Amino acid sequence: MAAHLWWNTNLLGRDDVCDGLVSAESAEGVFSQAGRVSDRDGLDEQADDRLAFACVVETSSFLPGADDEYLRIVGTRERGDFPFTDGGRWPSPVRMSFFSGGATGAIGANHSWVLLPDACTTAKGPAIIEGYVPEGSDPVRVARLLTGIADRAAERADCAGERPLTAPDALAAVPEPRPVEGGAVCGLAGLDFPGPEGSSGVRETVQDRAEAVWSCEVERYATYVVTQEPRIVAGIRSSPGYERQPAVAGHQVSGFDARHVVADCAGTPTYFALEVGHDYLTALEGSDAPRTEDLFENFVDVAGARFGCTAP
């Protein structure tokens, strides 16, 4: 019995791993089976930034049929709109469950993130904790794990806020795709279809279940994002490369380029982003789709009205 408890559970095991950043109990919560929790090679960190690190946590068991499971924790700095840019590293925002309030972040099927407190932001941008966890892990437990790590990391780097971050008790479900309705692309009357007129059989996914971020993906054509979440927008505005951009839909804007910008909407900074897909670019080559500039102008005009943005 003693051998079983030692090899197949974390009873009498370590309370935390990764140099104290990861609670063993919280890590256990995202694995599908009980086992011994360890951190393999320990914490790998950069000497010049205490919030830049990586650590692999594993659980192992000698029970028949049990496989070792792993989760990878990374501390890094990103451009503030990292979840909304199409670099291929992050899941589409429509497949993430965003949350804000006690903490700000998003949970995906196996890749998630949580923002560290504002005091942790430097000239290199905001700091985040990202986690790669086994697919099928309980999303609320993942949020709890990453929020706890963010708190410990901030304390360790002397940039914790006045109050500790708190994880959400529930998360909005990821929406299901649906057919595009010609009269209201992404559920917005007046939004132009991001491709040739008369396209059929196209599906869209609209993430409008959480207050933090609104997003819509028109499959293979375009992904739209709007957010007024204060901490996300603050991270965007404090990132390298953020500067004045040409006006869009009558709004003076700043951002990183012509399609990732922040406008002042009745005193509320509001971020708009547009990423285009393969089928849109193919249609554009044949002059069968609206120009990208016109597409974004239309989006800011139509979606902006929903978020209190009316041109002066």
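Because the structure is a prediction, the values reported are computed rather than measured.
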**Euclidean distance, Asp39 CG relative to Asp19 CG, rounded to 0.5 Å** = 9.0 Å

**Asked** When hydrophobic residues are tied together by side-chain contacts of less than 4.5 Å, even through go-betweens, does Val180 share a cluster with Leu191?
**Response** yes

**Prompt:** Should Leu281 and Tyr221 be marked as a side chain to side chain contact (heavy atoms under 4.5 Å, CB included) after you check the CA-CA gap, both sets of side-chain angles, and the distance that decides it?
**Reply:** CA-CA 8 Å; Leu281 294 173; Tyr221 284 95; over 6 Å; no

**Asked** Any side-chain donor-acceptor pair under 3.5 Å between Tyr280 and Thr292?
**Response** yes

**Asked** Any side-chain heavy-atom pair from Phe256 and Arg79 closer than 4.5 angstrom?
**Response** yes

**Request:** Looking only at non-hydrogen atoms, find the nearest pair between Leu116 and Ala153 and report the distance.
**Result:** CD2-CB, 4.2 Å

**Message:** Hydrophobic clusters here meaning ILVMFWY residues chained together by side-chain heavy-atom distances under 4.5 Å, can you tell me if Val261 and Leu274 are in one?
**Reply:** yes

**Prompt:** Measuring from Asp192:CG to Asn298:CG, what's the distance to the nearest 0.5 Å?
**Reply:** 3.5 Å

**Request:** Give a yes or no on whether the backbone of Ala173 and the side-chain of Ser97 come within a donor-acceptor separation of less than 3.5 Å.
**Result:** no

**Request:** Look at Arg95 together with Glu217 and state whether they make a salt bridge at an N to O cut-off of under 4.0 Å.
**Result:** yes

**Message:** One pair to check against side chain to side chain contact (heavy atoms under 4.5 Å, CB included): Cys309 and His251. What are the steps and the verdict?
**Reply:** CA-CA 9 Å; Cys309 297; His251 299 282; 4.0 Å; yes

**Item:** Distance-minimising heavy-atom pair for Val142 and Ser112
**Value:** CG1-OG, 3.9 Å

**Message:** Checking Phe84 against Tyr271 for the ring-ring contact (aromatic ring centres under 6.0 Å, His included) test, could you report, in this order, the C-alpha distance in whole Å, the side-chain angles of both residues, the deciding distance, and whether it holds?
**Reply:** CA-CA 10 Å; Phe84 317 126; Tyr271 171 82; 5.7 Å; yes

**Request:** Spell out, yes or no, whether Val74 and Leu43 are grouped together once hydrophobic residues are joined by side-chain heavy atoms under 4.5 Å, including indirect joins.
**Result:** no

**Prompt:** Charged N to carboxylate O under 4.0 angstrom, Arg36 versus Glu28?
**Reply:** no

**Prompt:** Under 3.5 Å, is there a donor-acceptor pair linking the side chains of Glu58 and Ser38?
**Reply:** yes

**Message:** Checking side-chain contact (heavy atoms from CB on, under 4.5 Å) between Val225 and each of Pro83, Ser92, Pro93, which is the one that passes?
**Reply:** Pro93

**Nearest heavy atoms of Trp90 and Trp113, plus distance in Å** = CZ3-CD1, 3.5 Å

**Heavy-atom check, side chain of Arg306 versus side chain of Asp208, under 4.5 Å** = yes

**Side chains of His260 and Gln245, donor plus acceptor under 3.5 Å** = no

**Prompt:** Do Val37 and Val57 touch side chain to side chain, with heavy atoms closer than 4.5 Å?
**Reply:** yes

**Item:** Contact summary for Leu51 and Ala127, nearest pair of heavy atoms
**Value:** CD1-CB, 3.9 Å

**Asked** Side chains of Thr205 and Arg178: does their closest heavy-atom pair fall under 4.5 Å?
**Response** no

**Fill in**
CG of Asp279 to CG of Leu284, rounded to nearest 0.5 Å, is 12.5 Å

**Asked** Does CD belonging to Glu181 count more than 12 external heavy atoms closer than 6.0 Å?
**Response** no

**Message:** Under a 3.5 Å threshold, yes or no: a donor from one side chain and an acceptor from the other, between Thr104 and Glu229?
**Reply:** yes

**Request:** Would you mind reporting whether Cys216 and Val218 have side-chain heavy atoms less than 4.5 Å apart?
**Result:** yes

**Request:** Any chance you could lay out the side-chain hydrogen bond (donor to acceptor under 3.5 Å, both in side chains) test for Thr59 and Glu69, step after step, and finish with the verdict?
**Result:** CA-CA 5 Å; Thr59 183; Glu69 291 184 297; 6.0 Å; no

**Asked** So how far is it from Glu219 CD to Glu204 CD, rounded to the nearest 0.5 Å?
**Response** 9.5 Å

**Request:** State, with a plain yes or no, whether a side-chain heavy atom of Val253 is found less than 4.5 Å away from one of Val248.
**Result:** yes

**Item:** side chain to side chain contact (heavy atoms under 4.5 Å, CB included) between Gln252 and Arg244, worked out
**Value:** CA-CA 8 Å; Gln252 296 298 315; Arg244 179 64 64 90; 3.5 Å; yes

**Message:** Any donor-acceptor pair under 3.5 Å linking the side-chain atoms of Thr270 with those of Gln228?
**Reply:** yes

**Asked** Can you tell me how far the CD1 atom of Ile107 sits from the CG atom of Leu145, to the nearest 0.5 Å?
**Response** 9.0 Å

**Prompt:** Would a distance-only check, ignoring hydrogens and angles, find a side-chain to backbone donor-acceptor pair under 3.5 Å from Arg77 to Lys124?
**Reply:** no

**Request:** Group every Ile, Leu, Val, Met, Phe, Trp and Tyr by side-chain heavy-atom contacts under 4.5 Å, then state whether Leu21 and Val56 land in the same group.
**Result:** no

**Asked** So, does Asp151 use its side chain to make a donor-acceptor pair with the main chain of Leu165 at under 3.5 Å?
**Response** yes

**Asked** Between Arg156 and Glu45, is the closest basic N to carboxylate O distance under 4.0 Å?
**Response** yes

**Asked** Under the 3.5 angstrom rule, does the side chain of Ser26 hit a backbone N or O of Ser23 as a donor-acceptor pair?
**Response** no

**Minimal non-hydrogen separation, Pro117 against Cys159, with atom names** = CB-O, 3.6 Å

**Item:** Phe31 vs Leu71, side chain to side chain contact (heavy atoms under 4.5 Å, CB included): CA-CA, chis, key distance, verdict
**Value:** CA-CA 8 Å; Phe31 291 127; Leu71 64 89; 3.5 Å; yes

**Item:** Main-chain N/O of Arg144 paired with Thr147 side-chain donor or acceptor, under 3.5 Å
**Value:** no

**Request:** Can you see which heavy atom on Ile129 is nearest to which on Ala150, and at what distance?
**Result:** CG1-CA, 3.7 Å

**Request:** Please say whether more than 12 non-hydrogen atoms of neighbouring residues, nucleotides or ligands are located less than 6.0 Å from CZ in Arg141.
**Result:** no

**Asked** Is a side-chain N or O of Ser100 found less than 3.5 angstrom from the main chain of Phe98, in a donor-acceptor match?
**Response** no

**Message:** Using side-chain heavy atoms (C-beta onward) and a distance below 4.5 Å, is Phe272 in contact with Tyr224?
**Reply:** no

**Asked** When rounded to the nearest 0.5 angstrom, what distance separates CD in Glu78 from OG in Ser239?
**Response** 9.5 Å

**Pairwise side-chain contact, Tyr70 with Val133, heavy-atom cut-off 4.5 Å (strictly under)** = no

**Asked** Do the side chains of Val213 and Val262 join up, straight or via other hydrophobic residues, at under 4.5 Å, putting them in one cluster?
**Response** yes

**Message:** If only side-chain N and O atoms count, and only distance matters, is there a donor-acceptor pair under 3.5 Å linking Tyr132 with Glu130?
**Reply:** yes

